[in-house]
Participant: 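Shown below is the structure under consideration.
So that the names make sense, note that chain A is the first sequence line, chain B the second, and so on, each numbered from 1.
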There are 2 protein chains.
Amino acid sequence: MNKVDPAQHVTPANGGEPRLSRASVARFSLYLRHLQRFLREGVQTVSSGQLGEALAITDAQVRKDLACLGNLGHPGVGYPASELIAALRHRLGIDREWTAVVVGVGNLARALLRYRGFEQQGFRFVALFDADASKVGQTLDDLKIHPTDRMAEIIRKTGAELGVVAVPVEAAQSVADALVAAGIRGILNFAPTALRLPAGVSLVAVDLAVQLEQLAFLVHLTHGPEKLETH
Amino acid sequence: MNKVDPAQHVTPANGGEPRLSRASVARFSLYLRHLQRFLREGVQTVSSGQLGEALAITDAQVRKDLACLGNLGHPGVGYPASELIAALRHRLGIDREWTAVVVGVGNLARALLRYRGFEQQGFRFVALFDADASKVGQTLDDLKIHPTDRMAEIIRKTGAELGVVAVPVEAAQSVADALVAAGIRGILNFAPTALRLPAGVSLVAVDLAVQLEQLAFLVHLTHGPEKLETH
DNA sequence: GGATGTGAACGACTTCACAGCG
DNA sequence: CGCTGTGAAGTCGTTCACATCC
(Lines give C-alpha, C1' and ligand atoms only; values in the text may rest on other atoms or scores of the structure.)
Protein backbone atom coordinates (compact mmCIF):
# COMPACT_ATOMS: atom_id res chain seq x y z
CA MET A 1 0.00 0.00 0.00
CA ASN A 2 2.67 2.46 0.98
CA LYS A 3 5.27 2.52 -1.70
CA VAL A 4 8.79 2.89 -0.41
CA ASP A 5 12.09 2.92 -2.22
CA PRO A 6 12.97 -0.78 -2.19
CA ALA A 7 16.55 -0.28 -3.32
CA GLN A 8 18.62 -1.07 -0.27
CA HIS A 9 21.79 -1.04 -2.25
CA VAL A 10 23.02 2.37 -3.12
CA THR A 11 24.26 2.62 -6.66
CA PRO A 12 26.35 5.69 -7.39
CA ALA A 13 25.22 7.84 -10.30
CA ASN A 14 28.54 7.26 -12.00
CA GLY A 15 28.45 3.63 -12.84
CA GLY A 16 31.97 2.51 -12.08
CA GLU A 17 32.37 1.65 -8.43
CA PRO A 18 31.26 -1.48 -6.56
CA ARG A 19 28.16 -1.83 -4.42
CA LEU A 20 27.80 0.03 -1.22
CA SER A 21 25.40 -0.80 1.58
CA ARG A 22 23.55 1.86 3.54
CA ALA A 23 24.82 0.39 6.75
CA SER A 24 28.41 0.82 5.67
CA VAL A 25 27.89 4.42 4.71
CA ALA A 26 26.41 5.14 8.11
CA ARG A 27 29.75 4.07 9.57
CA PHE A 28 32.00 5.86 7.11
CA SER A 29 31.75 9.15 8.94
CA LEU A 30 32.74 7.39 12.14
CA TYR A 31 35.73 5.70 10.53
CA LEU A 32 36.74 9.09 9.27
CA ARG A 33 36.50 10.66 12.71
CA HIS A 34 38.64 7.97 14.32
CA LEU A 35 41.18 7.86 11.51
CA GLN A 36 41.72 11.58 11.84
CA ARG A 37 42.26 11.12 15.55
CA PHE A 38 44.72 8.27 14.96
CA LEU A 39 46.62 10.46 12.53
CA ARG A 40 46.73 13.34 15.02
CA GLU A 41 48.20 10.92 17.54
CA GLY A 42 50.91 9.96 15.10
CA VAL A 43 49.52 6.57 14.12
CA GLN A 44 49.91 6.27 10.36
CA THR A 45 48.90 2.67 9.85
CA VAL A 46 45.68 1.32 11.29
CA SER A 47 44.39 -2.24 11.42
CA SER A 48 40.81 -3.38 11.12
CA GLY A 49 41.06 -4.56 14.72
CA GLN A 50 41.95 -1.09 15.96
CA LEU A 51 39.16 0.57 14.01
CA GLY A 52 36.72 -2.09 15.11
CA GLU A 53 37.58 -1.54 18.73
CA ALA A 54 37.07 2.18 18.33
CA LEU A 55 33.60 1.73 16.82
CA ALA A 56 32.70 -1.29 18.95
CA ILE A 57 32.20 -3.55 15.95
CA THR A 58 34.07 -6.61 14.73
CA ASP A 59 37.22 -6.47 12.66
CA ALA A 60 35.56 -8.48 9.92
CA GLN A 61 32.87 -5.83 9.66
CA VAL A 62 35.47 -3.14 9.22
CA ARG A 63 37.20 -5.02 6.44
CA LYS A 64 33.91 -5.61 4.64
CA ASP A 65 33.05 -1.94 4.85
CA LEU A 66 36.43 -0.83 3.65
CA ALA A 67 36.62 -3.39 0.86
CA CYS A 68 34.50 -1.25 -1.44
CA LEU A 69 37.09 1.52 -1.40
CA GLY A 70 39.53 -0.60 -3.36
CA ASN A 71 42.38 -2.67 -2.06
CA LEU A 72 43.86 -0.14 0.33
CA GLY A 73 44.86 -2.58 3.03
CA HIS A 74 48.24 -4.27 3.19
CA PRO A 75 48.07 -7.82 4.56
CA GLY A 76 50.07 -8.20 7.72
CA VAL A 77 50.29 -4.44 8.11
CA GLY A 78 46.98 -2.63 8.02
CA TYR A 79 45.57 0.41 6.26
CA PRO A 80 47.50 3.61 5.64
CA ALA A 81 45.46 6.19 7.56
CA SER A 82 45.84 9.13 5.23
CA GLU A 83 44.99 7.15 2.11
CA LEU A 84 41.98 5.69 3.83
CA ILE A 85 40.83 9.13 4.89
CA ALA A 86 41.16 10.42 1.36
CA ALA A 87 39.25 7.45 -0.03
CA LEU A 88 36.46 7.81 2.52
CA ARG A 89 36.10 11.52 1.92
CA HIS A 90 35.97 10.92 -1.78
CA ARG A 91 33.39 8.21 -1.43
CA LEU A 92 31.24 10.27 0.91
CA GLY A 93 31.44 13.17 -1.48
CA ILE A 94 33.06 15.46 1.06
CA ASP A 95 36.37 15.85 -0.70
CA ARG A 96 35.15 19.30 -1.62
CA GLU A 97 33.43 22.21 0.10
CA TRP A 98 29.71 22.08 0.80
CA THR A 99 27.81 25.28 1.42
CA ALA A 100 24.81 25.47 3.71
CA VAL A 101 22.28 27.92 5.05
CA VAL A 102 20.52 27.87 8.41
CA VAL A 103 16.90 28.88 8.84
CA GLY A 104 15.83 29.83 12.34
CA VAL A 105 18.44 31.63 14.39
CA GLY A 106 17.81 30.30 17.88
CA ASN A 107 20.07 28.60 20.35
CA LEU A 108 20.39 25.54 18.18
CA ALA A 109 21.60 27.59 15.22
CA ARG A 110 24.10 29.32 17.47
CA ALA A 111 25.31 25.96 18.71
CA LEU A 112 25.75 24.74 15.14
CA LEU A 113 27.66 27.82 14.04
CA ARG A 114 30.02 27.60 16.97
CA TYR A 115 30.48 23.87 16.54
CA ARG A 116 34.05 23.13 15.58
CA GLY A 117 34.38 20.40 13.04
CA PHE A 118 31.93 21.51 10.41
CA GLU A 119 34.35 23.69 8.47
CA GLN A 120 37.00 21.18 9.46
CA GLN A 121 35.06 18.58 7.46
CA GLY A 122 34.50 20.92 4.56
CA PHE A 123 31.14 22.46 5.42
CA ARG A 124 30.66 26.21 5.29
CA PHE A 125 27.64 28.22 6.33
CA VAL A 126 26.95 31.06 3.94
CA ALA A 127 23.71 32.61 5.14
CA LEU A 128 21.21 32.74 7.99
CA PHE A 129 17.50 33.38 7.84
CA ASP A 130 14.89 34.22 10.43
CA ALA A 131 11.26 35.25 10.34
CA ASP A 132 11.71 37.46 13.38
CA ALA A 133 12.11 41.02 12.10
CA SER A 134 14.06 42.03 15.19
CA LYS A 135 16.79 39.51 14.37
CA VAL A 136 17.00 40.41 10.71
CA GLY A 137 20.00 42.58 9.94
CA GLN A 138 21.93 41.39 12.96
CA THR A 139 25.16 39.50 12.50
CA LEU A 140 26.18 36.16 13.97
CA ASP A 141 29.71 34.90 13.49
CA ASP A 142 30.19 37.25 10.54
CA LEU A 143 26.98 36.05 8.90
CA LYS A 144 24.12 38.45 8.33
CA ILE A 145 20.62 37.32 9.24
CA HIS A 146 18.26 37.71 6.33
CA PRO A 147 14.45 37.78 6.22
CA THR A 148 12.93 34.50 5.11
CA ASP A 149 11.34 36.00 2.02
CA ARG A 150 14.77 36.57 0.54
CA MET A 151 15.67 32.89 0.73
CA ALA A 152 15.26 32.13 -2.96
CA GLU A 153 17.31 35.11 -4.03
CA ILE A 154 20.18 34.57 -1.60
CA ILE A 155 20.35 30.80 -1.96
CA ARG A 156 20.63 31.18 -5.71
CA LYS A 157 23.24 33.88 -5.40
CA THR A 158 25.39 31.93 -2.97
CA GLY A 159 24.77 28.59 -4.64
CA ALA A 160 24.09 27.00 -1.24
CA GLU A 161 23.26 23.32 -1.52
CA LEU A 162 22.23 22.29 1.99
CA GLY A 163 19.67 23.79 4.33
CA VAL A 164 19.37 23.37 8.07
CA VAL A 165 15.86 23.70 9.49
CA ALA A 166 16.08 24.94 13.08
CA VAL A 167 12.70 26.59 13.46
CA PRO A 168 9.72 25.68 15.68
CA VAL A 169 7.60 22.73 14.55
CA GLU A 170 4.78 24.85 13.18
CA ALA A 171 7.04 26.61 10.70
CA ALA A 172 9.14 23.63 9.66
CA GLN A 173 7.17 22.40 6.66
CA SER A 174 6.72 25.82 5.08
CA VAL A 175 10.39 26.59 5.56
CA ALA A 176 11.27 23.29 3.96
CA ASP A 177 9.00 24.08 1.02
CA ALA A 178 10.68 27.44 0.62
CA LEU A 179 14.12 25.85 0.71
CA VAL A 180 13.10 23.36 -1.94
CA ALA A 181 11.62 26.09 -4.10
CA ALA A 182 14.89 27.98 -3.77
CA GLY A 183 16.74 25.01 -5.21
CA ILE A 184 18.31 23.51 -2.10
CA ARG A 185 19.30 19.86 -2.55
CA GLY A 186 19.36 18.49 0.96
CA ILE A 187 17.75 19.37 4.27
CA LEU A 188 18.91 18.66 7.81
CA ASN A 189 15.79 18.88 9.95
CA PHE A 190 15.82 19.46 13.69
CA ALA A 191 12.10 20.13 14.05
CA PRO A 192 10.22 17.20 15.59
CA THR A 193 8.06 16.53 12.56
CA ALA A 194 8.30 14.43 9.41
CA LEU A 195 8.95 16.76 6.50
CA ARG A 196 7.41 16.01 3.14
CA LEU A 197 9.93 16.65 0.39
CA PRO A 198 9.81 15.97 -3.33
CA ALA A 199 12.00 13.22 -4.73
CA GLY A 200 15.43 14.53 -5.55
CA VAL A 201 15.78 16.48 -2.33
CA SER A 202 17.54 14.51 0.39
CA LEU A 203 16.59 14.55 4.02
CA VAL A 204 18.28 13.78 7.30
CA ALA A 205 16.29 14.31 10.45
CA VAL A 206 17.52 14.67 14.00
CA ASP A 207 14.82 14.57 16.64
CA LEU A 208 16.31 15.27 20.03
CA ALA A 209 13.28 14.05 21.97
CA VAL A 210 13.45 10.75 20.14
CA GLN A 211 17.07 10.33 21.16
CA LEU A 212 16.24 10.92 24.81
CA GLU A 213 13.41 8.41 24.58
CA GLN A 214 15.75 5.81 23.13
CA LEU A 215 18.10 6.42 26.00
CA ALA A 216 15.33 6.11 28.56
CA PHE A 217 14.32 2.85 26.95
CA LEU A 218 17.82 1.43 27.14
CA VAL A 219 18.07 2.36 30.79
CA HIS A 220 14.61 0.98 31.38
CA LEU A 221 15.80 -2.31 29.94
CA THR A 222 19.10 -2.70 31.74
CA HIS A 223 17.86 -1.63 35.13
CA GLY A 224 14.33 -2.88 34.64
CA PRO A 225 11.50 -1.13 36.44
CA GLU A 226 10.20 -4.14 38.32
CA LYS A 227 13.34 -6.16 38.50
CA LEU A 228 15.99 -3.79 39.78
CA GLU A 229 19.48 -5.20 39.44
CA THR A 230 21.32 -3.99 42.51
CA HIS A 231 24.56 -5.33 41.22
CA MET B 1 38.58 -10.19 18.28
CA ASN B 2 36.37 -7.30 19.26
CA LYS B 3 33.61 -8.66 21.38
CA VAL B 4 30.27 -7.01 20.87
CA ASP B 5 26.94 -7.72 22.45
CA PRO B 6 25.57 -10.27 20.02
CA ALA B 7 22.03 -10.10 21.35
CA GLN B 8 20.07 -8.32 18.68
CA HIS B 9 16.85 -9.23 20.31
CA VAL B 10 16.10 -7.20 23.34
CA THR B 11 14.76 -9.23 26.20
CA PRO B 12 13.04 -7.22 28.91
CA ALA B 13 14.32 -7.72 32.45
CA ASN B 14 10.87 -8.89 33.51
CA GLY B 15 10.52 -12.10 31.63
CA GLY B 16 6.91 -11.93 30.54
CA GLU B 17 6.59 -10.02 27.27
CA PRO B 18 7.35 -11.18 23.73
CA ARG B 19 10.51 -10.42 21.78
CA LEU B 20 11.26 -6.96 20.62
CA SER B 21 13.66 -6.01 17.86
CA ARG B 22 15.93 -3.00 18.10
CA ALA B 23 14.65 -1.77 14.78
CA SER B 24 11.09 -1.70 16.09
CA VAL B 25 12.06 0.24 19.18
CA ALA B 26 13.77 2.82 17.04
CA ARG B 27 10.40 3.44 15.43
CA PHE B 28 8.31 3.41 18.60
CA SER B 29 9.13 7.01 19.40
CA LEU B 30 8.04 8.00 15.93
CA TYR B 31 4.76 6.10 16.19
CA LEU B 32 4.21 7.88 19.45
CA ARG B 33 4.84 11.26 17.92
CA HIS B 34 2.41 10.68 15.07
CA LEU B 35 -0.25 9.09 17.25
CA GLN B 36 -0.22 12.10 19.52
CA ARG B 37 -0.65 14.31 16.48
CA PHE B 38 -3.52 12.18 15.19
CA LEU B 39 -5.18 12.40 18.56
CA ARG B 40 -4.79 16.20 18.65
CA GLU B 41 -6.45 16.32 15.24
CA GLY B 42 -9.38 14.36 16.60
CA VAL B 43 -8.55 11.02 14.99
CA GLN B 44 -9.17 8.36 17.59
CA THR B 45 -8.71 5.24 15.51
CA VAL B 46 -5.65 4.78 13.34
CA SER B 47 -4.91 2.06 10.80
CA SER B 48 -1.53 0.54 10.04
CA GLY B 49 -1.80 2.11 6.60
CA GLN B 50 -2.12 5.60 8.04
CA LEU B 51 0.79 5.13 10.41
CA GLY B 52 2.89 3.59 7.68
CA GLU B 53 2.26 6.52 5.40
CA ALA B 54 3.29 8.93 8.15
CA LEU B 55 6.59 7.12 8.73
CA ALA B 56 7.15 6.22 5.10
CA ILE B 57 7.17 2.47 5.77
CA THR B 58 4.82 -0.34 4.76
CA ASP B 59 1.63 -1.18 6.61
CA ALA B 60 2.90 -4.73 7.20
CA GLN B 61 5.91 -3.32 8.96
CA VAL B 62 3.70 -1.29 11.24
CA ARG B 63 1.60 -4.28 12.19
CA LYS B 64 4.71 -6.37 12.90
CA ASP B 65 6.08 -3.67 15.15
CA LEU B 66 2.84 -3.21 16.99
CA ALA B 67 2.17 -6.91 17.38
CA CYS B 68 4.47 -7.17 20.38
CA LEU B 69 2.31 -4.77 22.35
CA GLY B 70 -0.49 -7.29 22.55
CA ASN B 71 -3.56 -7.54 20.38
CA LEU B 72 -4.55 -3.91 20.41
CA GLY B 73 -5.78 -3.72 16.84
CA HIS B 74 -9.37 -4.40 15.84
CA PRO B 75 -9.67 -6.09 12.44
CA GLY B 76 -11.57 -3.95 9.99
CA VAL B 77 -11.21 -0.94 12.23
CA GLY B 78 -7.66 -0.16 13.25
CA TYR B 79 -5.90 0.71 16.48
CA PRO B 80 -7.37 2.92 19.20
CA ALA B 81 -4.91 5.81 19.35
CA SER B 82 -4.97 6.45 23.06
CA GLU B 83 -4.56 2.80 24.01
CA LEU B 84 -1.72 2.47 21.57
CA ILE B 85 -0.03 5.55 23.00
CA ALA B 86 -0.32 4.16 26.50
CA ALA B 87 1.07 0.79 25.42
CA LEU B 88 3.99 2.38 23.58
CA ARG B 89 4.85 4.65 26.47
CA HIS B 90 4.72 1.71 28.82
CA ARG B 91 6.90 -0.39 26.58
CA LEU B 92 9.42 2.39 26.10
CA GLY B 93 9.52 2.93 29.81
CA ILE B 94 8.37 6.52 29.55
CA ASP B 95 5.05 6.10 31.34
CA ARG B 96 6.73 7.84 34.24
CA GLU B 97 8.93 10.86 34.78
CA TRP B 98 12.64 10.72 33.96
CA THR B 99 14.99 13.20 35.50
CA ALA B 100 18.10 14.45 33.77
CA VAL B 101 21.02 16.77 34.26
CA VAL B 102 22.93 18.73 31.64
CA VAL B 103 26.68 19.21 31.76
CA GLY B 104 28.04 22.09 29.73
CA VAL B 105 25.85 25.16 29.56
CA GLY B 106 26.46 26.41 26.05
CA ASN B 107 24.10 27.15 23.21
CA LEU B 108 23.22 23.51 22.80
CA ALA B 109 22.17 23.21 26.43
CA ARG B 110 20.07 26.34 26.06
CA ALA B 111 18.45 24.88 22.99
CA LEU B 112 17.65 21.67 24.84
CA LEU B 113 16.17 23.47 27.82
CA ARG B 114 13.95 25.60 25.64
CA TYR B 115 12.93 22.66 23.50
CA ARG B 116 9.26 22.00 23.94
CA GLY B 117 8.41 18.33 24.02
CA PHE B 118 10.85 17.04 26.58
CA GLU B 119 8.69 17.66 29.61
CA GLN B 120 5.74 16.90 27.36
CA GLN B 121 7.16 13.38 27.00
CA GLY B 122 7.93 13.05 30.68
CA PHE B 123 11.50 14.30 30.86
CA ARG B 124 12.52 16.87 33.44
CA PHE B 125 15.84 18.62 33.82
CA VAL B 126 16.79 18.98 37.46
CA ALA B 127 20.30 20.45 37.41
CA LEU B 128 22.92 22.11 35.23
CA PHE B 129 26.70 21.92 35.55
CA ASP B 130 29.52 23.90 34.04
CA ALA B 131 33.25 24.06 34.57
CA ASP B 132 33.31 27.79 33.80
CA ALA B 133 33.37 29.60 37.15
CA SER B 134 31.75 32.67 35.63
CA LYS B 135 28.66 30.67 34.72
CA VAL B 136 28.35 28.91 38.07
CA GLY B 137 25.68 30.41 40.25
CA GLN B 138 23.75 31.85 37.32
CA THR B 139 20.26 30.63 36.62
CA LEU B 140 18.85 29.32 33.36
CA ASP B 141 15.16 28.57 33.07
CA ASP B 142 14.86 28.41 36.86
CA LEU B 143 17.77 25.97 37.10
CA LYS B 144 20.91 26.93 38.92
CA ILE B 145 24.26 26.21 37.32
CA HIS B 146 26.50 24.20 39.61
CA PRO B 147 30.25 23.62 39.51
CA THR B 148 31.22 20.28 38.05
CA ASP B 149 32.86 19.11 41.26
CA ARG B 150 29.47 19.01 42.94
CA MET B 151 28.04 16.57 40.41
CA ALA B 152 28.16 13.50 42.62
CA GLU B 153 26.50 15.26 45.51
CA ILE B 154 23.72 16.90 43.52
CA ILE B 155 22.99 13.93 41.29
CA ARG B 156 22.59 11.72 44.35
CA LYS B 157 20.40 14.28 46.06
CA THR B 158 18.12 14.79 43.07
CA GLY B 159 18.18 11.15 42.06
CA ALA B 160 18.77 12.14 38.44
CA GLU B 161 19.04 9.15 36.14
CA LEU B 162 20.11 10.60 32.79
CA GLY B 163 22.98 12.89 31.89
CA VAL B 164 23.41 15.05 28.82
CA VAL B 165 26.99 15.73 27.77
CA ALA B 166 27.14 19.06 25.95
CA VAL B 167 30.74 20.04 26.56
CA PRO B 168 33.66 20.41 24.13
CA VAL B 169 35.29 17.20 22.90
CA GLU B 170 38.31 17.43 25.18
CA ALA B 171 36.20 17.39 28.32
CA ALA B 172 33.64 14.81 27.22
CA GLN B 173 35.24 11.63 28.52
CA SER B 174 36.12 13.02 31.95
CA VAL B 175 32.61 14.46 32.31
CA ALA B 176 31.18 11.09 31.37
CA ASP B 177 33.39 9.37 33.93
CA ALA B 178 32.19 11.80 36.58
CA LEU B 179 28.56 11.19 35.64
CA VAL B 180 29.06 7.46 35.88
CA ALA B 181 30.81 7.80 39.23
CA ALA B 182 27.88 9.87 40.44
CA GLY B 183 25.54 7.01 39.64
CA ILE B 184 23.95 8.21 36.42
CA ARG B 185 22.40 5.38 34.38
CA GLY B 186 22.33 6.73 30.86
CA ILE B 187 24.22 9.35 28.88
CA LEU B 188 23.17 11.36 25.84
CA ASN B 189 26.40 12.49 24.23
CA PHE B 190 26.64 15.41 21.83
CA ALA B 191 30.43 15.62 21.79
CA PRO B 192 31.95 14.22 18.59
CA THR B 193 33.81 11.39 20.28
CA ALA B 194 33.09 7.80 21.24
CA LEU B 195 32.64 7.66 24.99
CA ARG B 196 33.87 4.63 26.89
CA LEU B 197 31.33 3.64 29.52
CA PRO B 198 31.16 0.65 31.82
CA ALA B 199 28.53 -1.99 31.16
CA GLY B 200 25.30 -1.07 32.84
CA VAL B 201 25.41 2.56 31.75
CA SER B 202 23.51 3.17 28.52
CA LEU B 203 24.64 5.49 25.79
CA VAL B 204 23.03 7.35 22.93
CA ALA B 205 25.26 9.56 20.82
CA VAL B 206 24.27 12.37 18.50
CA ASP B 207 27.07 13.66 16.33
CA LEU B 208 25.92 16.65 14.35
CA ALA B 209 28.84 16.61 11.94
CA VAL B 210 28.10 12.99 11.13
CA GLN B 211 24.52 13.91 10.28
CA LEU B 212 25.64 16.65 7.92
CA GLU B 213 28.04 14.24 6.27
CA GLN B 214 25.28 11.71 5.75
CA LEU B 215 23.22 14.42 4.13
CA ALA B 216 26.07 15.50 1.89
CA PHE B 217 26.52 11.89 0.84
CA LEU B 218 22.85 11.49 -0.05
CA VAL B 219 22.94 14.64 -2.13
CA HIS B 220 26.21 13.52 -3.67
CA LEU B 221 24.47 10.31 -4.73
CA THR B 222 21.26 11.69 -6.14
CA HIS B 223 22.81 14.56 -8.03
CA GLY B 224 26.06 12.80 -8.68
CA PRO B 225 29.20 14.87 -9.08
CA GLU B 226 30.05 13.74 -12.57
CA LYS B 227 26.65 12.82 -13.81
CA LEU B 228 24.38 15.71 -12.98
CA GLU B 229 20.71 14.93 -13.37
CA THR B 230 19.13 18.15 -14.55
CA HIS B 231 15.69 16.81 -14.09
C1' DG C 1 -15.39 -4.67 2.52
C1' DG C 2 -11.64 -3.31 5.37
C1' DA C 3 -8.17 -4.08 8.46
C1' DT C 4 -5.51 -7.08 11.70
C1' DG C 5 -2.05 -10.80 12.83
C1' DT C 6 1.24 -14.00 11.13
C1' DG C 7 3.84 -17.75 8.80
C1' DA C 8 6.77 -17.93 4.87
C1' DA C 9 9.71 -15.89 1.45
C1' DC C 10 12.92 -12.63 0.62
C1' DG C 11 16.66 -9.57 1.14
C1' DA C 12 20.11 -7.15 3.85
C1' DC C 13 23.56 -7.15 7.32
C1' DT C 14 26.90 -9.44 10.30
C1' DT C 15 29.92 -12.99 11.69
C1' DC C 16 32.73 -16.94 10.71
C1' DA C 17 36.52 -19.10 8.78
C1' DC C 18 40.17 -19.40 6.00
C1' DA C 19 43.15 -18.78 1.87
C1' DG C 20 46.74 -15.74 0.59
C1' DC C 21 50.15 -12.35 1.01
C1' DG C 22 53.84 -9.52 2.98
C1' DC D 1 53.47 -14.58 12.24
C1' DG D 2 49.83 -10.80 11.52
C1' DC D 3 46.52 -8.93 8.86
C1' DT D 4 43.76 -8.40 4.63
C1' DG D 5 40.06 -9.83 1.46
C1' DT D 6 36.22 -12.79 0.75
C1' DG D 7 33.05 -16.75 0.07
C1' DA D 8 29.86 -19.18 3.07
C1' DA D 9 26.92 -19.40 6.88
C1' DG D 10 24.13 -17.36 10.06
C1' DT D 11 21.26 -13.75 11.91
C1' DC D 12 18.19 -10.05 11.66
C1' DG D 13 14.76 -7.17 9.43
C1' DT D 14 11.22 -6.35 5.78
C1' DT D 15 7.77 -7.59 2.56
C1' DC D 16 4.29 -10.76 0.82
C1' DA D 17 0.22 -13.15 1.03
C1' DC D 18 -3.54 -14.80 3.17
C1' DA D 19 -6.51 -16.70 6.88
C1' DT D 20 -9.32 -14.41 10.10
C1' DC D 21 -12.40 -11.43 12.29
C1' DC D 22 -15.57 -7.17 12.84
Participant: Please report, to 0.1 Å, the donor-acceptor pairs under 3.5 Å made by any side chain of residues 67-77 of chain A, with sequence neighbours excluded.
Facilitator:
none

Participant: Pairs under 3.5 angstrom, nitrogen or oxygen only, protein versus nucleotides 4-8 of chain C, please.
Facilitator:
unit_1: C:dT4; atom_1: OP1; unit_2: B:S48; atom_2: N; d: 2.8
unit_1: C:dT4; atom_1: OP2; unit_2: B:S48; atom_2: OG; d: 2.5
unit_1: C:dG5; atom_1: OP1; unit_2: B:G73; atom_2: N; d: 3.2
unit_1: C:dG5; atom_1: OP2; unit_2: B:Y79; atom_2: OH; d: 2.7
unit_1: C:dG5; atom_1: N7; unit_2: B:R63; atom_2: NE; d: 2.8
unit_1: C:dG5; atom_1: O6; unit_2: B:R63; atom_2: NH2; d: 3.1
unit_1: C:dG7; atom_1: O6; unit_2: B:K64; atom_2: NZ; d: 3.1
unit_1: C:dA8; atom_1: N6; unit_2: B:K64; atom_2: NZ; d: 3.3

Participant: Let me know the distance between CG of B:D65 and C1' of D:dG13, rounded to the nearest Å.
Facilitator: 10 Å
Participant: Rounding to an integer number of Å, can you tell me how far A:R22 CZ sits from C:dC13 C1'?
Facilitator: 14 Å
Participant: List in chain and number order the residues that pass side chain to side chain contact (heavy atoms under 4.5 Å, CB included) with A:S47, two or more places apart in sequence or in another chain; answer none if no residue qualifies.
Facilitator: A:Q50
Participant: Between A:Q61 (CD) and D:dG10 (C1'), how many Å, whole number?
Facilitator: 14 Å
Participant: Without placing hydrogens or testing angles, list every side-chain donor-acceptor pair under 3.5 Å for residues 190-204 of chain A, not counting sequence neighbours.
Facilitator:
unit_1: A:R196; atom_1: NH2; unit_2: B:E53; atom_2: O; d: 2.6

Participant: Which residues pass the side chain to side chain contact (heavy atoms under 4.5 Å, CB included) test with A:I94, not counting sequence neighbours?
Facilitator: A:L32, A:R89, A:L92, A:W98, A:Q121, A:F123, B:E213, B:A216
Participant: Is any NZ, NE, NH1 or NH2 atom of the basic residue among A:E161 and A:R185 found under 4.0 Å from an Asp or Glu carboxylate oxygen of the other?
Facilitator: no
Participant: Sorted by first residue and then second, give each side chain to side chain donor-acceptor pair (under 3.5 Å) pair with at least one member in residues 168-179 of chain B; sequence neighbours left out.
Facilitator: B:Q173-B:D177
Participant: Would you say a side-chain N or O of A:T58 is under 4.0 Å from OP1 or OP2 of C:dT15?
Facilitator: yes
Participant: Over its full length, what angle do the end axes of the helix from C:dG1-D:dC22 to C:dG22-D:dC1 make, each axis taken from five pairs and the result rounded to 10 degrees?
Facilitator: 10°
Participant: Could you pull out all residues at least two apart from B:A181 that satisfy side chain to side chain contact (heavy atoms under 4.5 Å, CB included)?
Facilitator: none
Participant: Tell me, please, which residues at least two apart from A:A178 pass side chain to side chain contact (heavy atoms under 4.5 Å, CB included).
Facilitator: A:M151
Participant: Take atom CG of A:L51 and atom C1' of D:dT4, then tell me their distance rounded to the nearest Å.
Facilitator: 13 Å
Participant: In whole Å, what is the span from the CZ atom of A:R27 to the C1' atom of C:dA12?
Facilitator: 12 Å
Participant: What integer distance in Å separates A:L84:CG from D:dC3:P?
Facilitator: 16 Å
